[in-house]
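Not measured: the values here are computed from a predicted model.
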Amino acid sequence: MPQVFAPNDPSIPDLLRARIEGWNDRPPKTQFHQYGPLNAYFSINFPPVRFLVKPQALLRELWDTTNLEVEDVEALRSIILRTEDETMDIDDEVKADIKRRASIDSQGALVHVDKCHYPDFVVTAYGPGGVYGEDEDVIRLVVEVGSLGRDLRPPSKEDKDNVVKQLNRYLLVMGKMGFRWADKAVGMCIIGTEVAIVKSKSNGQFQKTVTWDSLYSAKFTDTIRQLAAM
């Protein structure tokens with residue numbers, strides 16, 4: 001049965017729409033077949049005047065700074081960013097270790113340089129910028145794309161569970177609301193022409209139960225539109 005993708009969105013070029021609709025009859029074997037069209041679609045809906053679409057984004061794990069004084073955290077940030085403030089006592093073993101193995105990411109967060117994750121897509125909104133001039137982008141969307149495989153069989157429950165687990169791992173790495181995202185964030189799993197959407201709740205947690213819908217459904221395109229309107 002023919003499927004229509006985002007019929008109410010006139011901004012999508014006919015060729016791009018046809019490519020995505022074609023997945024219904026010619027399912028993509030791997031996620032690599034979907035990266036280009038998805039990247040184009042996200043870039044149209046999240047224009048660079050307000051957003052950045054980051055394919056294969058680098059998402060590093062946050063440092064736990066709960067046992068450090070606020071002044072030490074700020075001094076550490078200034079050292080990493082090579083500003084003039086170097087007042088932190090780096091003789092302290094814990095602080096010295098952080099200084100050696102920490103960095104500041106594009107959300108302005110203090111992160112491990114050696115604990116890296118690579119979601120298929122991350123969409124961020126431009127942030128106001130930090131005290132030391134660092135970027136402080138706000139994560140809005142994290143997307144993980146799974147593969148059907150060469151036999152093009154419909155995804156099994158195990159296939160879907162695996163891609164959801166991977167997405168949940170990224171959402172955990174993202175951290176609590178207020179660190180690298182604010183107000184609302186969404187995670188999406190895409191495998192073939194099916195999509196599962198994981199939304200943040202008002203308490204800063206992400207919903208645990210997911211349902212799978214068609215990529216051609218209004219649920220997918222409405223979620224993208226709502227995020228773009230924030």
Please answer whether the main-chain N or O of K219 pairs with a side-chain N or O of T223 as donor and acceptor at a distance below 3.5 Å. yes

Can you see which heavy atom on L62 is nearest to which on G175, and at what distance? CD1-CA, 3.7 Å

So, does R225 use its side chain to make a donor-acceptor pair with the main chain of F220 at under 3.5 Å? no

Yes or no on salt bridge (charged side-chain N to carboxylate O under 4.0 Å, His left out) for R153 and D159, after CA distance, side-chain angles and deciding distance? CA-CA 11 Å; R153 57 177 172 73; D159 294 332; 2.6 Å; yes

Check the angle between the aromatic planes of Y35 and F121 and answer parallel, tilted or perpendicular using the 30° and 60° thresholds. perpendicular

Show every side-chain hydrogen bond (donor to acceptor under 3.5 Å, both in side chains) that has at least one partner inside residues 40-53, sequence neighbours left out. none

Any chance the side chains of Q31 and D120 put a donor and an acceptor closer than 3.5 Å? no

Student check: side-chain heavy atoms of K115 and R60 closer than 4.5 Å: no

Listed partners of K201 passing side-chain contact (heavy atoms from CB on, under 4.5 Å), at least two apart: N203, Q205

Check: S200 side chain, A185 main-chain N or O, donor-acceptor pair, under 3.5 Å: yes

Tell me which pairs pass side-chain hydrogen bond (donor to acceptor under 3.5 Å, both in side chains) where either residue lies in residues 165-178, with sequence neighbours left out. Q166-R169, Q166-Y170

Residues clustered with L52, ILVMFWY side-chain links under 4.5 angstrom: Y126

How long is the gap from NZ on K54 to CD1 on I139, to the nearest 0.5 Å? 7.5 Å

Output yes when a side-chain donor or acceptor of R140 lies under 3.5 Å from a complementary backbone atom of M230, and no otherwise. no

Is the backbone N or O of K199 less than 3.5 Å from a side-chain atom of Q207, with the two atoms forming a donor-acceptor pair by type? yes

Linking Ile, Leu, Val, Met, Phe, Trp and Tyr through side-chain heavy atoms less than 4.5 Å apart, which residues share a cluster with L15? none

Quick check: W23 with Y216 (ring centres under 6.0 Å apart)? no

If you compare all heavy atoms of G192 against all heavy atoms of L215, which two are closest, and at what distance to 0.1 Å? O-CD2, 4.4 Å

Go through the structure and list residues passing salt bridge (Lys or Arg N to Asp or Glu O under 4.0 Å) with K208, not counting sequence neighbours. none

